[in-house]
*Asks:* 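Submitted below is the structure of interest, expressed as structure tokens.
The chain is numbered in sequence order, starting from 1.
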Amino acid sequence: SRFESRQFEMLWLSLLFAAAVAQELPLKAAKETTSFALQSKGKFTHSVSLKGATCELTYGLVGNSYHEEFEMEIKQDFISENKFTCRGYRKSYRHPLRFAAFSMKISGVDEDASFTLLDHEVWDSKGVMLVDDEYTIDEDSGSIRSFTGFDGDLLKWKMVAEKDSATI
């Protein structure tokens, strides 16, 4: 009937309008970012937090840091709000740096929260992913740390972890 055809047309136009609005206003995940200068002569920890989750880098350098800038970001997934992505990278690469050791993790702000590591990538300055003998993974604690084969070259990393449902 003509009435049903008109209703279908109105429904179709409404869906097209909603799709157009959605393209103009994309969903954005919540995120926090911090930048800092790398420091030499000691063990240092930097972190950034968002909605009950903390992304943390602990490191020590061999030699001078040249005050190279590093950036860390933590982002909450907009589909699964218990999932967080942590990224870190050197903003500039003016000088070669040697890390004596590193560890990175995603943890809860409160001590009762626990996270499970779902995915990770660790890269050196040559654009090569680190291999198993250079770092070790603890999925249960949501952490990665350098291991015996690590040659000191670290450029960037990404970790994805999910807050365990028992700790929500």
Side-chain angles (χ1 to χ4, degrees), residues 26-40 42-62 65-168:
L27 294 174
K28 291 190 176 185
K31 75 176 183 179
E32 288 292 329
T33 305
T34 187
S35 295
F36 54 91
L38 293 173
Q39 301 172 5
S40 50
K43 182 178 174 181
F44 301 95
T45 299
H46 297 276
S47 64
V48 60
S49 297
L50 174 71
K51 297 189 178 185
T54 298
C55 175
E56 182 179 285
L57 168 69
T58 301
Y59 69 93
L61 292 178
V62 176
S65 70
Y66 304 101
H67 300 289
E68 292 268 348
E69 286 291 311
F70 214 87
E71 185 164 298
M72 283 184 8
E73 164 189 285
I74 188 166
K75 186 185 299 185
Q76 182 182 32
D77 190 281
F78 64 86
I79 294 173
S80 172
E81 58 186 41
N82 294 327
K83 190 185 293 186
F84 293 84
T85 300
C86 175
R87 298 176 198 266
Y89 65 94
R90 284 175 61 190
K91 290 174 72 170
S92 59
Y93 189 76
R94 297 184 304 256
H95 305 282
L97 289 178
R98 306 299 292 167
F99 286 80
F102 70 83
S103 74
M104 49 198 77
K105 68 179 179 175
I106 298 178
S107 61
V109 174
D110 60 45
E111 293 179 18
D112 295 335
S114 65
F115 286 76
T116 301
L117 190 60
L118 303 174
D119 190 22
H120 66 281
E121 296 176 1
V122 185
W123 297 80
D124 69 15
S125 62
K126 296 178 276 309
V128 177
M129 285 182 77
L130 272 59
V131 293
D132 294 346
D133 70 339
E134 295 178 286
Y135 66 96
T136 184
I137 305 158
D138 184 349
E139 283 104 355
D140 293 333
S141 69
S143 68
I144 297 173
R145 62 180 166 80
S146 54
F147 198 56
T148 55
F150 179 58
D151 71 358
D153 189 3
L154 176 66
L155 178 66
K156 63 182 179 177
W157 83 87
K158 177 182 107 173
M159 300 170 61
V160 179
E162 189 164 27
K163 191 173 189 178
D164 294 332
S165 58
T167 63
I168 296 174

*Asks:* Rounded to the nearest 0.5 Å, how far apart are OG of S35 and NE2 of H46?
*Replies:* 11.0 Å
*Asks:* Does a side-chain heavy-atom distance below 4.5 Å link T85 with K158?
*Replies:* yes
*Asks:* Is the count of non-hydrogen atoms from other residues, nucleotides or ligands lying under 6.0 Å from D132 atom CG greater than 12?
*Replies:* no
*Asks:* Nearest 0.5 angstrom please: L57 CG to K105 NZ, how far?
*Replies:* 11.5 Å
*Asks:* Hey, is the main chain of S125 close enough, under 3.5 Å, to the side chain of D153 for a donor-acceptor pair?
*Replies:* yes
*Asks:* Between the side chains of S143 and D138, is a donor N or O closer than 3.5 angstrom to an acceptor N or O?
*Replies:* no
*Asks:* Could you check I106, L130, L117, T136 and say which one makes a side chain to side chain contact (heavy atoms under 4.5 Å, CB included) with I144?
*Replies:* L117
*Asks:* Could you grab the distance from atom NZ of K43 to atom OG of S103, nearest 0.5 Å is fine?
*Replies:* 7.0 Å
*Asks:* Under 4.5 Å between any side-chain heavy atoms of F84 and Q76, yes or no?
*Replies:* yes
*Asks:* Rounded to the nearest 0.5 Å, what separates atom CE in M72 from atom SG in C86?
*Replies:* 5.5 Å
*Asks:* Who are the ring-ring contact (aromatic ring centres under 6.0 Å, His included) partners of F70, not counting sequence neighbours?
*Replies:* F36, W157
*Asks:* Between L50 and K75, is there a side-chain heavy-atom distance shorter than 4.5 Å?
*Replies:* no
*Asks:* Should F99 and F150 count as side-chain neighbours, where that means a heavy-atom distance under 4.5 Å?
*Replies:* yes
*Asks:* Can you tell me how far the CZ atom of R87 sits from the CD1 atom of I74, to the nearest 0.5 Å?
*Replies:* 12.0 Å
*Asks:* If every non-hydrogen atom of Y135 is compared with every non-hydrogen atom of H120, which pair is closest and at what distance?
*Replies:* OH-NE2, 3.1 Å
*Asks:* So which atom in F115 and which in G108 form the shortest heavy-atom distance, rounded to 0.1 Å?
*Replies:* CE1-N, 3.3 Å
*Asks:* Does T54 offer a backbone N or O that forms a donor-acceptor pair with the side chain of S47 under 3.5 Å?
*Replies:* no
*Asks:* Are the side chain of Y59 and the backbone N or O of Q39 linked by a donor-acceptor pair below 3.5 Å?
*Replies:* yes
*Asks:* Give a yes or no on this: more than 12 heavy atoms of other residues, nucleotides or ligands lie within 6.0 Å of atom CD of E81.
*Replies:* no
*Asks:* Using the test salt bridge (charged side-chain N to carboxylate O under 4.0 Å, His left out), find all partners of E68 that sit at least two apart in sequence or belong to another chain.
*Replies:* R90
*Asks:* Between S146 (side chain only) and F102 (backbone N and O only), is there a donor and an acceptor less than 3.5 Å apart?
*Replies:* yes
*Asks:* Drop me the distance from K156's NZ to M129's CE, to the nearest 0.5 angstrom.
*Replies:* 9.5 Å
*Asks:* Locate the shortest heavy-atom distance separating E56 from T45; write the atom from each residue and the value.
*Replies:* CG-CG2, 3.4 Å
*Asks:* I'd like to check the side chain to side chain donor-acceptor pair (under 3.5 Å) partners of T148; sequence neighbours left out, ordered by chain and number.
*Replies:* none
*Asks:* Using modelled atom types and a 3.5 Å cut-off, is there a donor and acceptor pairing between side-chain atoms of D124 and backbone atoms of G127?
*Replies:* yes
*Asks:* Side chains of D164 and T116 only: does a donor on one sit below 3.5 Å from an acceptor on the other?
*Replies:* yes
